[in-house]
Amino acid sequence: MQTKRIKSFVTGFPRIGEKRELKKALEEFWDKKTEVSSLEAIASQLRKRHWNYQKEAGIDFISCNDFSYYDQMLDMCEILNAIPKRFAEISDPLERYFAMARGNESSPAMEMTKWMNTNYHYIVPELSAETVFKLNPKKIISEYMEAKSAGIKTKINIIGPLTFLGLAKTTDGSDNFKLLDKIIPLYKELISKVSELDDEVFVQFDEPLAVKDPSQEFLSLMKKTYQEISTACANVRIILVSYFDHASETLTALKDVPLYAIGLDFVYGKENLNCLSDLNGKKLIAGIIDGRNIWKSDYNKNYLLLKEIEKSVPKENIIVSTSCSLLHVPYTLEYEEKLDPRIKEWMSFAKEKLYEVSDTADIFENSDTDSSLLKLKTNGEILKSKIDYLKTTLNAESDKFKDERSFSFAERISAQKKILNLPVLPTTTIGSFPQTAEIRKLRSDFKAKRISQKDYDEGIKDYISSCVKFQEKAGLDVLVHGEPERNDMVEYFGEQMEGFVFTQNGWVQSYGSRCVKPPVIYGNVSRPKPMTVDIISYAQSCTRKIMKGMLTGPVTILNWSFVRNDIERSAVCHQIASAICREVSDLQSAGIKIIQVDEAAFKEGYPLRKEKVKLYENWAVESFKRAVSSAEKETQIHTHMCYSDFNSIIGTLEKMDADVITIETSRSGNKLLNVFAERGYKNEIGPGVYDIHSPRIPSREELVQQIKMLIKVIPAERLWINPDCGLKTRKWEEVKPSLKNMAEAVMEIRKTI
Ligand code: GLN
Ligand code: ZN
């Protein structure tokens with residue numbers, strides 16, 4: 001048989017387990033219900049299973065060290081001995097590792113933040129000029145040997161030095177990249193260690209930071225670093241992978257560096273096509289199977305793209321790959337028993353994508369074989385049926401509304417003030433109240449049909465009316481219903497709109513043992529009937545105070561879902577906006593005077609490259625404005641965003657033009673609030689006055705101080721007083737005294753102004 005020329009490559013595979021085995025094993029171990037040996041046994045089983053899946057699918061480059069008990073950046077801290085001082089005394093390595101990830105009695109956890117522009121969170125390395133780096137390659141070597149003894153030769157995945165440093169924080173204010181000279185020798189030492197593992201060893205350096213508008217300095221450091229690394233050991237092949245956007249500058253900078261291969265993302269970085277000649281003899285890891293979405297790949301398009309690439313890269317140098325690690329998609333469609341079979345046929349999760357990688361490689365190798373022709377035909381038929389179905393059977397909301405509200409903020413706010421009649425420094429909350437065990441049980445009993453609609457409705461109404469009573473008693477001005485009917489702020493709306501489906505087992509790791517199950521937007525979005533009007537009207541009927549209607553905004557719904565890829569994201573967002581717009585209109589007709597449209601995930605959708613930001617901001621703002629365009633000038637529109645740093649998006653916030661925005665500034669004091677004052681932001685603002693992420697109850701005195709501080713930055717006439725986010729993760733014992741103190745603090749201050 002002729003040997004295959006076109007190889008297949010997978011950047012990384014998910015690790016949590018297709019039934020979330022690792023999640024369960026970790027949580028039992030943390031709860032001290034199991035021994036470390038059982039955690040290790042499950043981890044080992046999972047690794048072997050995942051390697052075998054890849055082997056069975058015919059993947060040539062399979063990773064080791066893509067497994068992690070918590071996070072791969074944290075693993076890298078361990079490998080380089082970058083252990084923050086407060087954990088250094090813990091002698092058991094695993095105990096120390098989990099303490100770094102989750103904190104312990106004496107020390108807070110290391111910080112966590114989003115990995116590039118994904119919803120995965122990594123642990124932020126804490127470095128300083130004093131960090132004593134030391135190589136600890138145990139994990140890498142043992143995983144490599146584990147795979148080898150299972151008959152699988154792997155490539156070794158590690159985070160590259162530039163990305164490791166660039167995404168770290170320094171605790172002494174020193175320049176991150178100054179530490180490069182200290183860690184390059186360790187990477188070289190690592191290479192020399194792993195060179196002993198086999199005759200030929202492959203090491204994959206993940207450098208996603210290369211796609212984030214690299215500076216000249218970054219590029220020259222990149223060149224210097226990889227020059228050294230690439231020549232460290234003759235039998236170690238260095239592969240540098242980038243993903244999530246194009247990395248053309250890096251490709252050019254590394255033109256003369258003798259790397260074995262470079263990985264480029266052709267799904268989210270089409271621009272990569274323009275600079276392929278700079279590969280200069282290196283192999284190309286061509287990322288063409290989408291690692292961030294769940295749709296079946298188009299084999300014909302893949303073939304044409306590879307043909308295009310072949311114009312600049314010799315065929316034998318092309319390796320077919322996923323666009324990034326498959327960490328960002330769920331495991332497999334195998335356990336999806338309830339999905340509409342037609343829609344399921346359009347999808348592909350991690351395990352299915354493995355076959356897409358090897359099929360694409362086979363088709364590229366020889367498109368004329370019977371098996372290639374059959375694959376092209378079957379794939380083409382499915383995708384055609386999808387397009388036909390989406391075209392003919394679903395209609396998006398036709399737009400009977402305007403693009404934006406007709407009156408200026410000044411006109412709106414004066415009309416609203418007359419109707420709302422609120423005191424100065426109005427108090428409110430962000431929407432949710434504690435999600436108690438009873439309320440969760442009520443929802444799950446109803447979902448499983450263990451209780452009737454009537455019992456469920458009564459349970460929800462009881463919760464709402466007790467929330468209302470509490471808020472009235474505490475003396476809050478604008479009330480909320482508490483969101484007891486919502487499991488999740490996106491899922492709740494997705495379930496009531498056309499164009500969405502929900503998986504049973506489509507879990508994706510968010511951080512550590514935590515997973516999320518994003519909704520899937522497969523078709524045109526529309527809203528067949530009102531979604532929140534009954535519940536909000538009921539809540540309003542419980543009180544003479546003003547009840548806020550509570551909706552999730554179009555951009556957040558989009559950013560927290562898997563989105564169809566046959567039309568632009570902006571078009572999908574506009575459809576959702578039109579649906580929300582109808583809901584705003586219906587709430588308004590039902591007499592609701594204030595409507596909050598949450599945009600908690602607005603910032604998440606920002607592209608990594610500056611040149612693409614404007615486009616996103618334009619359609620995201622347009623969508624928000626469209627969503628609230630049905631509001632009359634008397635109806636007050638609030639929005640809420642879970643951020644505190646608005647420095648880079650203040651202009652965008654202005655364009656959104658919500659009457660009131662509530663934000664999350666409590667932990668950063670009023671420093672970050674200054675941007676609103678400096679900019680001359682005119683609309684009303686509710687900067688969170690206390691941190692809901694902690695169980696601490698803020699005292700009345702401290703809240704008085706906090707509010708006084710705020711008044712110095714934002715005039716009292718434009719200031720709202722509220723906690724910094726929803727209260728669903730808190731307990732009633734914390735919420736009740738905190739809100740009471742907040743309301744009392746405001747009453748005290750009102751006497752003085
Ligand atoms: N209204 C939502 C709540 O209060 C907002 C949640 C959020 O900002 N993430 O829970
Ligand atoms: Zn929030």
Side-chain angles (χ1 to χ4, degrees), residues 114 119 121 427-436 439-440 443 460 463-464 467-468 470-471 476 478-494 510-511 514 516 518-519 531-532 535-536 539 547-561 580 583-584 587 592 594-605 624 627-628 636-646 649 653 656 658 660-668 672 685-694 720-732 734-735 738-739 742:
K114 294 209 178 217
N119 286 329
H121 302 70
T427 52
T428 191
T429 59
I430 306 304
S432 57
F433 269 104
Q435 294 255 329
T436 56
I439 221 59
R440 281 204 211 98
R443 277 199 312 263
I460 294 290
Y463 183 96
I464 293 176
C467 275
V468 169
F470 160 69
Q471 294 171 83
L476 297 174
V478 172
L479 311 195
V480 298
H481 76 295
E483 304 181 19
E485 77 289 13
R486 301 179 194 183
N487 178 26
D488 175 280
M489 63 190 285
V490 172
E491 189 178 75
Y492 179 74
F493 289 94
S510 168
Y511 63 88
R514 222 190 117 94
V516 293
M531 303 182 281
T532 60
I535 232 162
I536 301 295
M547 177 60 57
K548 250 196 302 195
M550 196 56 64
L551 304 173
T552 302
V555 186
T556 296
I557 293 180
L558 186 88
N559 284 344
W560 279 343
S561 301
I580 300 293
E583 188 70 14
V584 166
L587 281 169
I592 301 304
I594 301 187
I595 301 168
Q596 179 172 311
V597 180
D598 285 325
E599 283 295 13
F602 191 89
K603 252 182 151 183
E604 260 89 321
F624 179 81
V628 300
Q636 188 164 75
I637 296 294
H638 289 214
T639 189
H640 167 72
M641 288 191 184
C642 301
Y643 314 108
S644 45
D645 186 356
F646 289 91
I649 66 163
L653 218 57
M656 287 171 74
V660 181
I661 178 168
T662 56
I663 54 174
E664 206 185 90
T665 35
S666 67
R667 275 175 294 182
S668 46
L672 290 167
I685 312 176
V689 291
Y690 76 88
D691 176 13
I692 65 94
H693 305 89
S694 142
W720 284 67
I721 304 299
N722 45 264
D724 73 352
C725 196
L727 300 163
K728 67 167 167 243
T729 54
R730 295 268 62 90
K731 299 196 171 81
W732 275 112
E734 298 150 3
V735 164
S738 301
L739 290 178
M742 185 182 91

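Keep in mind that the numbers below use all heavy atoms, side chains included, and drop hydrogens, waters and symmetry copies. This is a predicted model, so every value here is computed, not measured. Just follow the structure's listing: the first ligand is 1, and inside any ligand the first atom is 1.
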Any side-chain heavy-atom pair from Val468 and Met547 closer than 4.5 angstrom? yes
Interfacing atoms of ligand 1 (cut-off 4.0 Å, heavy-atom, Cys725): 7 (C), 8 (O)
Quick one: do the Gln435 and Tyr463 side chains pair a donor with an acceptor below 3.5 Å? no
Which atoms of ligand 1 sit under 4.0 Å from any heavy atom of His640? 8 (O)
So which heavy atom in the protein is nearest atom 5 (C) of ligand 1, and how far is it from that ligand atom? Asp598 OD2, 3.4 Å
Distance filter under 4.0 Å to Gly431 heavy atoms, resulting ligand 1 atoms: 4 (O)
So, does Lys728 use its side chain to make a donor-acceptor pair with the main chain of Asn487 at under 3.5 Å? no
Under a 3.5 Å cutoff, is there a donor and acceptor pairing between the side chains of Thr556 and Glu599? yes
Mind checking how many protein N/O/S atoms fall short of 2.8 Å from the Zn ion (ligand 2)? 3
Is Cys642 touching ligand 1 with its side chain, its backbone, both, or neither, if touching means heavy atoms under 4.0 Å apart? side chain
Does Met489, backbone or side chain, put an N or O under 3.5 Å from an N or O of ligand 1? no
Can you list the ligand 1 atoms lying under 4.0 Å from a non-hydrogen atom of Ile430? 1 (N), 4 (O)
Any idea which protein heavy atom is nearest atom 10 (O) of ligand 1, and the distance to it? Ser432 OG, 2.7 Å
Would you confirm whether Lys603, through its side chain, and Met641, through its main-chain N or O, come within 3.5 Å as a donor-acceptor pair? no
Do any nitrogen or oxygen atoms of Trp560 lie less than 3.5 angstrom from nitrogen or oxygen atoms of ligand 1? no
In ligand 1, which numbered atoms sit nearer than 4.0 Å to a non-hydrogen atom of Gly726? 3 (C), 4 (O), 10 (O)
Would a 4.5 Å heavy-atom cut-off, applied to side chains only, mark Gln596 and Val480 as touching? no
Sub-4.5 Å side-chain heavy-atom contact between Tyr690 and Pro723: yes
Steps toward side chain to side chain contact (heavy atoms under 4.5 Å, CB included) verdict (Ile439, Phe433): CA-CA 11 Å; Ile439 221 59; Phe433 269 104; over 6 Å; no
Over all heavy atoms of both residues, which pair between Ala627 and Val584 is shortest? Give the atoms and the distance, please. O-CG2, 3.5 Å
Side-chain donor/acceptor of Thr639 to backbone N/O of Asp598, under 3.5 Å: no
So Ile430 and Ile692, do their side chains get closer than 4.5 Å, heavy atoms only? no
Contact partition for Met550 relative to ligand 1, non-hydrogen atoms under 4.0 Å: side chain
